[in-house]
Amino acid sequence: MLLQTACLVHVVDGDLPTRSTLARALGAVGIACRVHSTGADALSVLGTGSACLVIRNDLPDMTAQELMSEAALHGHDLPVLVITEQGDVDAAVGAMKAGAVDCLAHPFQTATFLERVRACLASENPQAQQRDRGRDAARRLTLLSRRESEVLRLIVEGKQSKTIAWELGISIKTVEVHRARIMEKTGCRSIVGLGRLWEAAEMLRARSQRWFVPSAASLSAALSVPVGVAAP
């Protein structure tokens with residue numbers, strides 16, 4: 001079996017026997033891991049080497065959804081496997097809506113757990129992809145001048161050149177010049193592309209105030225059987 005020492009899995013579980021069992025299972029197949037009893041403990045050590053989070057839904061200090069949210073706010077958009085209790089459908093649905101890659105109901109076979117972790121490690125986190133798109137959009141929008149940003153805001157609101165010219169007190173020809181420069185600077189080929197670029201930046205801004213994303217104003221001036229009983 002191939003070793004996966006480059007992958008660091010954080011197991012966050014308030015139950016000592018369970019997290020110890022999961023850590024041994026991961027170690028047996030060459031997957032490096034760190035165990036944590038609370039969400040706060042995990043948050044304090046997450047770093048660039050982290051590859052995946054395995055979170056028990058009900059931790060002593062927070063829920064899995066709260067930990068996922070806090071990790072994202074700190075810039076850690078990792079794929080997440082959430083462990084729920086058997087039959088807790090609401091927790092599973094909530095975790096998936098919050099961005100978890102997968103959910104696994106406890107108790108479960110060790111082999112099933114390892115399979116889900118490998119899938120989690122191989123996945124591309126949708127939240128991270130969205131964040132990256134937002135950052136790229138923000139970077140491109142900051143290339144615009146103040147006037148170009150004003151024109152862009154009106155364009156994404158669906159206004160025509162004649163209306164934009166009237167609202168800004170400039171000629172239609174000048175609006176068209178600004179429009180062409182906006183397309184050139186952002187690399188967009190259509191109004192639809194501009195709209196998507198604007199939306200990606202706005203989603204990132206709304207998601208976290210920790211990352212600077214130009215708003216309109218600033219542009220003007222983001223289920224199974226018992227754990228540990230089966231051999232991997």
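Residues: numbered from 1 along the sequence shown.
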Checklist entry - Is a donor on one side and an acceptor on the other found under 3.5 Å between the side chain of Thr21 and the backbone of Pro17? => result yes
Item to check | Pairwise side-chain contact, Val11 with Thr18, heavy-atom cut-off 4.5 Å (strictly under) | outcome: no
Checklist entry - Do the non-hydrogen side-chain atoms of Leu22 and Ile83 ever get within less than 4.5 Å of each other? => result yes
Next on the checklist: What's the separation between atom NE2 in His106 and atom CZ in Phe113, rounded to the nearest 0.5 Å?
Outcome noted: 10.5 Å
Item to check | Minimum side-chain heavy-atom gap Leu104-Asp102 below 4.5 Å | outcome: no
Item to check | Check: Arg147 and Leu168 side chains under 4.5 Å, non-hydrogen atoms | outcome: yes
Item to check | Residue pairs fulfilling salt bridge (Lys or Arg N to Asp or Glu O under 4.0 Å) with at least one residue in residues 169-179, sequence neighbours excluded | outcome: Glu176-Arg179
Next on the checklist: I need the Asp15 CG to Leu59 CG distance, nearest 0.5 Å.
Outcome noted: 11.5 Å
Checklist entry - Considering only heavy atoms from C-beta outward, does the side chain of Leu141 approach that of Leu152 to under 4.5 Å? => result yes
Checklist outcome for this item: Nearest heavy-atom approach of Ala25 to Thr110 is CB-CG2, 3.4 Å
Checklist entry - Which pair of non-hydrogen atoms, one from Arg19 and one from Asp13, has the smallest distance, and what is that distance? => result NH1-O, 2.8 Å
Item to check | Residue pairs involving residues 60-72 (criterion salt bridge (Lys or Arg N to Asp or Glu O under 4.0 Å); sequence neighbours excluded) | outcome: none
Item to check | Euclidean distance, Met62 CE relative to Ile55 CD1, rounded to 0.5 Å | outcome: 9.5 Å
Checklist entry - Leu67 and Gly39: which non-hydrogen atoms are nearest, and at how many Å? => result CD1-O, 3.7 Å
Checklist entry - Is there a side-chain contact between Leu46 and Leu78, using heavy atoms and a 4.5 Å cut-off? => result yes
Checklist entry - Among the clusters formed by ILVMFWY side chains lying less than 4.5 Å apart, do Trp198 and Ile191 turn up in the same one? => result yes
Sequence neighbours excluded and cut-off under 3.5 Å, please list the side-chain donor-acceptor pairs for residues 26-36, or say none.
from: His36; atom 1: ND1; to: Asp41; atom 2: OD2; distance (Å): 3.1
from: His36; atom 1: NE2; to: His10; atom 2: ND1; distance (Å): 2.9

Item to check | Heavy-atom neighbours of Arg140 CZ exceed 12 at 6.0 Å | outcome: yes
Next on the checklist: So, applying side chain to side chain contact (heavy atoms under 4.5 Å, CB included) with Ile182, which one of Leu197, Leu143, Leu194 is it?
Outcome noted: Leu194
Checklist entry - Going by an N to O cut-off under 4.0 Å, is there a salt bridge joining Arg181 and Glu184? => result no
Next on the checklist: Would you compute the distance between atom CD1 of Ile164 and atom CZ of Arg153 and round it to the nearest 0.5 angstrom?
Outcome noted: 9.5 Å
Next on the checklist: Does Glu85, at its CD atom, have more than 12 non-hydrogen atoms belonging to other residues, nucleotides or ligands within less than 6.0 Å?
Outcome noted: yes
Checklist outcome for this item: One should read off an interatomic distance between Glu150 CD and Ile170 CD1, to the nearest 0.5 angstrom, of 8.5 Å
Checklist outcome for this item: When every non-hydrogen atom of Pro79 is compared with those of Val101, the smallest separation belongs to CB-CG2, 3.7 Å
Item to check | Shortest non-hydrogen contact between Val156 and Gly195, atoms and distance | outcome: CG1-CA, 4.1 Å
Checklist entry - Rounded to the nearest 0.5 Å, how far apart are CG of Leu81 and SG of Cys103? => result 7.5 Å
